[in-house]
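Before any comments, here is the structure.
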Amino acid sequence: MTAVSFPGTSTVLGYPRIGPRRELKRALESYWEGAASADDLRAAGAGLREQTWRRLAGLGLAALPSNTFSYYDQVLDTAVALGAVPARYRAGTPEQTYFAMARGTAGLAPLRMTKWFDTNYHYIVPEIGPDTEFGPADPGKALAEVREARALGYETRPVLVGPITFLLLAQGTAPLDRLDDVLGGYAALLAALADEGVDWVQLDEPALVADRTPAELAAVRAAYDRLGALPRRPALLVASYFGDLGEALPALAESPIEGIAVDLVRGEVPRHPALAGKVVVAGVVSGREVWRTDRDRALASLHAIQAGQVVVGTAGSLLHVPYDVEAETGLEPALRDRLAFAEQKVAEVVELAELFASGVRPQRAAVPSRPRESAPVAEREGRSPYPVRAAAQAGRLSLPVLPVTTIGSFPQTGELRAARAQVAAGTLTEADYEALVRGEIEHAIGVQERLGLDVLVHGEPERNDMVQYFAEHLDGFAVTRHGWVQSYGSRCTRPPILHGDVSRPGPITVRWATYAQSLTAKPVKGMLTGPVTITAWSFRRDDLPLREVMYQVADAIRAEVADLEAAGIGIVQVDEPALRELLPLRRADQDAYLAGAVGAYRRATSGAGDSTQIHTHLCYSDADQIAAAIDGLDADVTSVESARSDGRILAESAVGAFTRGLGPGVYDIHSPRVPSVTEVEKLLGAALAVLPAGRVWVNPDCGLKTRTYPQVEAALANLVTAAASARQAL
């Protein structure tokens, strides 16, 4: 097709969609609870989209994206657009089908969910196998957003997950074997958008920045040669991010596509002769971090690109950062001046485009975006061998075979959340709030006692978030009031800002753990977040290597473990759900990261005595892929998400790496459905088929914070019943 110039000199690859004050979260949950209609939900979405386009245009952005909004997840949206909807979900209204895939129903489990590359965002995993029947492609959502924006006076660039990434992220046998079928769906979508008068479409291909096999690279060439040759299509911008394209660059550059978006924060300036005839969207502004862009480094990268047209952009979607730092009036001014959230990043893109167009050059030499990793920091002493510890713990805890426990959090009631807000506003005293917290702990302990669990938790009613709570009690962190980032669906987090050296002024969790233990003769777990996860789920400082930051956090957690142990707590759980999340996308970098992460965890926990049982937990992070590293943590018991991932952790290659206690989750807590006793028995039976009963624990996939007490009590009762049945059968 005839060369098409890109519409302007600046763009972003995506934008937050939950709303500056989590408007979408409230609309979704109101709809799910039956308090709002589908029309109400659609109206809320339309309002947020209009707000986004108007703001982006008002900031001076030249080229606006569309179809980046989602009611749950962009991968799920792409599956629906391609007709990749499993037959069991094809019933009811479109909204009912969509949310059944995302959340399940009373009689239907949802699709699997896992982490989006090395982020804390979760995507819904499509099911694509040899027998998958694709329905007709449905361009309705993308077309509707183009028309909405056009009615407001804006031409937009629709965004879809690209075919290679879509298939590589799918669950099924050899999903790339279905490339021809999927490309037929993309051809239909592109034709419909071309007929609508759309000039450009963005296809996101972050999977191309990871190691790819020759066969996969051949599939990239085949896919974009075919799409590029379509007679009816818009110009194509293939967007890579989260790293360097490496060996995938020639496959894209030599194809007929018109544009490539590259990550110049984590990747290198692309060099290929064929780029002379293409548009390159240069991602010089980070979509992952909250620090202001180094203007000189960005300008140096822009001037180094040899391409037909250079457009200034973000290195990825801004989905992963909060909306606006100006809303954070409580931050120290010196820190706030160093920060850029989504709105400030758009302004940076626009400013850099103006400077670049004017020929402005950097004023100083570019420096690396991250400091190089230094030599390993020395670990602390190790613990006794596991058999020695296991004997000491058995004598102290006297637990039954197949002990039943939970991961930590219990439902956070509306009253509790309101009270926390009232304390922040100064309308509720700290004493009254703490009385409410004690009452919640008493309730959680009472529920667990009544249901017959074996190892109890205090329920974490004092915690707003498993990372933010610790950040509020450690030096070196700042927390925001409105810095929400979407994790999945309606679930949002407020990542703290780790900006200085980390230290612990005093005990953080001891008084609540000991209060809970005073209410029961059964063991109560002390609940801590691990150093890797605290680091990963914070916007961390960029002037120290990752390993050094993790080790600073580890020393703070080590002190907390010691205080819990001294207070008589016999089980301490140090959660590391982000262990897999930070794993580099390139294999060459993975061993060094895992060594540092495992070292940080062991530094945090190795001071515990033999009779103190150390637990850890991982969820929604493909733990089977790093089973050996998880075993290297040397925790006495590891609980892992398993119910929603079809027991992947129980595969022989994964479970063989574990030599201590393992709790494969038997209750998917990210769905409102309650598993039956039969379902739990089946999942527990799968664990007992590959592990000795003496090493198996019975637990949910994750914490129970997002569920209601009726759901939790019904589900936990079924866990206790299933465990009792399994014990009798041993």
Side-chain angles (χ1 to χ4, degrees), residues 14-29 32 48 68-77 99 102-103 110-125 169 206 242 287-290 316-323 341-342 407-409 411-412 417 460 463-471 479-480 482-497 529-530 532-540 575-582 617-623 641 644-645 668-672 700-707:
Y15 200 73
R17 59 202 183 204
I18 203 70
R21 296 295 182 268
R22 295 182 295 163
E23 293 89 344
L24 182 59
K25 171 185 174 68
R26 286 187 281 275
L28 282 167
E29 293 176 356
W32 292 336
L48 287 171
T68 60
F69 177 86
S70 178
Y71 288 109
Y72 206 93
D73 166 52
Q74 69 269 17
V75 182
L76 177 59
D77 293 347
F99 289 120
R103 306 177 72 240
L111 291 174
R112 181 172 165 251
M113 180 170 68
T114 193
K115 297 291 182 71
W116 175 249
F117 296 93
D118 57 350
T119 77
N120 189 31
Y121 176 79
H122 303 59
Y123 74 94
I124 300 298
V125 181
L169 295 183
F242 301 154
R288 299 278 298 272
E289 299 164 335
V290 295
S317 172
L318 297 176
L319 174 69
H320 308 287
V321 296
Y323 275 87
F341 292 177
I407 301 307
S409 63
Q412 293 252 331
R417 290 193 295 269
E460 304 176 17
R463 305 184 193 185
N464 39 25
D465 174 84
M466 65 182 291
V467 170
Q468 183 182 334
Y469 180 74
F470 286 89
V479 297
T480 66
H482 306 292
W484 296 102
V485 175
Q486 186 181 26
S487 181
Y488 64 89
S490 67
R491 176 80 171 131
C492 305
T493 63
R494 275 185 296 162
I497 300 167
T529 305
V532 179
T533 298
I534 289 177
T535 304
W537 291 357
S538 301
F539 293 118
R540 70 177 185 273
D575 289 344
E576 286 292 20
L579 183 68
R580 166 64 179 79
E581 178 182 311
L582 284 185
H617 171 69
L618 297 93
C619 58
Y620 299 98
S621 55
D622 293 327
E641 176 270 325
R644 189 155 179 170
S645 66
D668 172 21
I669 65 86
H670 288 80
S671 169
D701 270 353
C702 198
L704 305 172
K705 176 181 177 180
T706 60
R707 302 272 58 88

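Looking at F242 and F117, their side chains come closer than 4.5 Å, going by heavy atoms from C-beta outward. Within the 4.5 Å cutoff, the side chain of K705 has no heavy atoms near those of the E460 side chain. Side-chain contact between V485 and F539 is present, with heavy atoms from C-beta onward closer than 4.5 Å. At least one side-chain heavy atom of V467 sits under 4.5 Å from a side-chain heavy atom of S538. Contact of the E641 side chain with the L618 side chain is not registered, since no non-hydrogen atoms from C-beta on lie closer than 4.5 Å. Between L704 and I407, the closest side-chain pair of non-hydrogen atoms is not below 4.5 Å. Considering only heavy atoms from C-beta on, R21 stays 4.5 Å or farther from W484 through its side chain. In this structure the side chain of V125 never reaches within 4.5 angstrom of the side chain of L169, judged on heavy atoms.
One finds the OH atom of Y71 at 7.5 Å from the CG atom of L24 (value rounded to the nearest 0.5 Å). The CZ atom of R494 lies 7.5 Å from the CZ atom of R22; values are rounded to the nearest 0.5 Å. Within the model, atoms CG of N120 and CZ of R491 stand 9.0 Å from one another, a figure rounded to the nearest 0.5 Å. A distance of 5.5 Å separates CE in M466 from OG1 in T533, rounded to the nearest 0.5 Å. Annotation: the span from E581 atom CD to C619 atom SG amounts to 9.5 Å, rounded to 0.5 Å. In this structure, CE in M113 is found 9.5 Å from CG in D701, a value given to the nearest 0.5 Å.
With respect to I18, the side-chain contact (heavy atoms from CB on, under 4.5 Å) criterion is satisfied by exactly one of S70, C492, S487, P322: C492. With R707 as the fixed residue, the side-chain contact (heavy atoms from CB on, under 4.5 Å) test singles out one of P700, P672, S671: P672.
Here the closest heavy-atom approach between residue S490 and residue L28 is recorded as CB-CD1, 4.1 Å. I669 and C702 get closest at one heavy-atom pair: CG1-CB, 3.6 Å. Taking both residues in full, the closest heavy atoms of V321 and A342 are given as CG2-N, 3.8 Å, listed atom of the first, atom of the second, then distance. Contact record, G287 with L318: CA-CD2, 3.8 Å, taken as the closest heavy-atom pair. Scanning both residues, A578 and A536, for their nearest heavy atoms gives CB-CB, 3.6 Å. The heavy-atom pair separating D575 from P577 by the smallest distance is C-CD, 3.4 Å.
Looking only at distances, no side-chain donor or acceptor of D668 sits under 3.5 Å from a matching main-chain atom of R644.
Side chains of Q468 and W537: no donor on one and acceptor on the other come within 3.5 Å. With no hydrogens or angles considered, a side-chain donor-acceptor pair links Q74 and R17 at under 3.5 Å.
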Between Y121 and Q486, does a side chain to side chain contact (heavy atoms under 4.5 Å, CB included) hold up when you go through it step by step?
CA-CA 7 Å; Y121 176 79; Q486 186 181 26; 3.9 Å; yes
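Ionic pairing of D118 and R288 is present here: one or more N-O contacts between side-chain nitrogen and carboxylate oxygen are shorter than 4.0 angstrom.
Checked against a 6.0 Å centroid threshold, the rings of H670 and Y488 count as neighbours.
Ring geometry for Y72 against W32 counts as tilted: the plane angle lies between 30° and 60°, on a 0 to 90° scale.
Applying the ring pair (Phe, Tyr, Trp, His ring centres under 6.0 Å) test to Y123 and every residue at least two apart in sequence or in another chain returns W116.
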